[in-house]
Amino acid sequence: QVQLVESGGGLVQAGGSLRLSCAASGRTFSSYAMGWFRQAPGKERELVAAINWRGYIYYADSVKGRFTISRDNAKNTVALQMNSLKPEDTGVYYCAARWQRSSTTAAEYNYWGQGTQVTVSS
């Protein structure tokens with residue numbers, strides 16, 4: 001069982017930065033792939049970035065060069081640094097976990113945080 005708690009969302013102007021953090025419970029955190037998803041009103045939940053248990057990283061094309069995902073297995077945390085934010089980055093951001101391999105499909109993740117709101121004003 002893995003419990004996930006996100007923090008760090010908020011309101012920021014376009015061009016600004018935010019850092020999201022996700023704290024995980026459990027002794028096998030290092031064996032999980034971690035993903036950051038976002039969901040805008042009326043849209044499906046989409047993968048923004050993921051890091052698997054070996055450290056392989058995936059980014060959605062829309063955030064490449066602006067967002068950075070990282071994990072600290074000693075602290076059981078995963079972070080998402082978001083720079084050069086755009087209004088289209090607005091949404092609820094969720095931290096998710098699945099065993100070892102990352103996936104772009106939300107349904108394949110077994111554990112989810114409660115979500116944190118990110119609002120980017122123009």
Side-chain angles (χ1 to χ4, degrees):
Q1 190 77 7
V2 177
Q3 293 183 323
L4 305 172
V5 179
E6 303 100 334
S7 61
L11 173 64
V12 65
Q13 289 188 332
S17 298
L18 282 175
R19 183 177 179 86
L20 306 183
S21 184
C22 174
S25 65
R27 295 176 291 178
T28 57
F29 174 78
S30 62
S31 295
Y32 281 84
M34 303 299 299
W36 283 99
F37 286 78
R38 71 183 175 198
Q39 189 165 20
K43 294 188 176 181
E44 292 188 355
R45 197 169 294 191
E46 62 173 350
L47 180 66
V48 172
I51 182 167
N52 76 1
W53 71 302
R54 293 189 179 275
Y56 176 79
I57 290 174
Y58 165 89
Y59 293 107
D61 287 343
S62 59
V63 306
K64 282 181 180 177
R66 301 188 298 121
F67 290 11
T68 303
I69 189 171
S70 60
R71 67 187 300 162
D72 186 335
N73 289 334
K75 296 182 179 179
N76 281 16
T77 59
V78 61
L80 185 68
Q81 177 66 41
M82 305 185 294
N83 299 328
S84 302
L85 282 161
K86 304 175 181 180
E88 51 264 43
D89 294 319
T90 295
V92 179
Y93 281 69
Y94 297 90
C95 175
R98 72 186 299 264
W99 186 251
Q100 293 190 345
R101 295 187 298 175
S102 58
S103 169
T104 59
T105 305
E108 294 186 354
Y109 285 77
N110 307 105
Y111 304 102
W112 291 85
Q114 81 287 354
T116 185
Q117 177 71 44
V118 171
T119 303
V120 184
S121 62
S122 57

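Numbering of residues begins at 1 and proceeds along the displayed sequence.
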If I take atom CD1 from residue Ile51 and atom CD1 from residue Ile57, how far apart are they, to the nearest 0.5 angstrom? 4.0 Å
Validation row: Gln1, Tyr111 side chains within 4.5 angstrom (heavy atoms): yes
So, for Ser84 and Ser17, which heavy atoms are closest and what is the spacing to 0.1 Å? N-OG, 4.3 Å
With no hydrogens and no angle check, is any side-chain donor or acceptor of Arg45 less than 3.5 Å from a backbone partner on Thr105? no
Could you measure the distance from the CD atom of Gln81 to the OG atom of Ser21? Nearest 0.5 Å is fine. 11.0 Å
Take Tyr32 and Trp99 through the ring-ring contact (aromatic ring centres under 6.0 Å, His included) test and state the conclusion after the steps. CA-CA 5 Å; Tyr32 281 84; Trp99 186 251; 5.1 Å; yes
If you measure only the distance, is there a donor-acceptor pair under 3.5 Å linking the side chains of Asp72 and Thr77? no
Single-linkage hydrophobic cluster, 4.5 Å side-chain cutoff, Val12 and Leu80 together: yes
Please check this pair: side chain of Tyr109 against backbone of Ser103, looking for a donor-acceptor N/O pair closer than 3.5 Å. yes
Please round to the nearest 0.5 Å and tell me the distance separating atom CG of Asn76 and atom CZ of Arg71. 9.0 Å
Minimal heavy-atom distance between Gln114 and Val5, with the atoms involved, is OE1-CA, 3.8 Å
More than 12 non-hydrogen atoms from neighbouring residues, nucleotides or ligands closer than 6.0 Å to CD on Gln3, yes or no? no
Asp61 with Lys64: basic N within carboxylate O range, under 4.0 Å: yes
Working to the nearest 0.5 Å, report the span between OG of Ser122 and NZ of Lys86. 14.0 Å
For the pair Met34 and Leu4, evaluate side-chain contact (heavy atoms from CB on, under 4.5 Å) and give the outcome as yes or no after the intermediate values. CA-CA 10 Å; Met34 303 299 299; Leu4 305 172; 3.9 Å; yes
Validation row: Leu20, Met82 side chains within 4.5 angstrom (heavy atoms): yes
Using distance alone, with no hydrogens and no angle criterion, decide if Thr90 and Glu88 have a side-chain donor and acceptor under 3.5 Å apart. no
Atom of Ala50, atom of Ser102 and distance for their closest heavy-atom approach: CB-CB, 3.8 Å
Straight-line distance of Tyr94 OH to Leu47 CG, nearest 0.5 Å: 14.5 Å
Mind listing the closest non-hydrogen atom pair of Ala24 and Val2 along with its distance? CB-CG1, 4.3 Å
One should read off an interatomic distance between Leu18 CG and Asn83 CG, to the nearest 0.5 angstrom, of 9.5 Å
So, does Arg98 use its side chain to make a donor-acceptor pair with the main chain of Ala106 at under 3.5 Å? no
Applying the 4.5 Å side-chain criterion to the ILVMFWY set and letting contacts propagate, would Trp36 and Leu85 be lumped into a single cluster? yes
Examine Arg66 relative to Tyr59 and say whether NZ or CZ is less than 6.0 Å from the centre of the six-membered ring and inside a 45° cone about the ring axis. no
Verify, without hydrogens or angle tests, whether Thr119 (side chain) and Leu11 (backbone) share a donor-acceptor contact under 3.5 angstrom. no
CD (Gln100) with more than 12 external heavy atoms under 6.0 Å: yes
Could you please spell out the steps behind the ring-ring contact (aromatic ring centres under 6.0 Å, His included) verdict for Trp112 and Phe37? CA-CA 10 Å; Trp112 291 85; Phe37 286 78; 5.0 Å; yes
Between the side chain of Arg38 and the main-chain N/O of Tyr93, is any donor-acceptor distance below 3.5 Å? no
Does Cys95 offer a backbone N or O that forms a donor-acceptor pair with the side chain of Glu6 under 3.5 Å? yes
Is there a side-chain contact between Phe67 and Val48, using heavy atoms and a 4.5 Å cut-off? yes
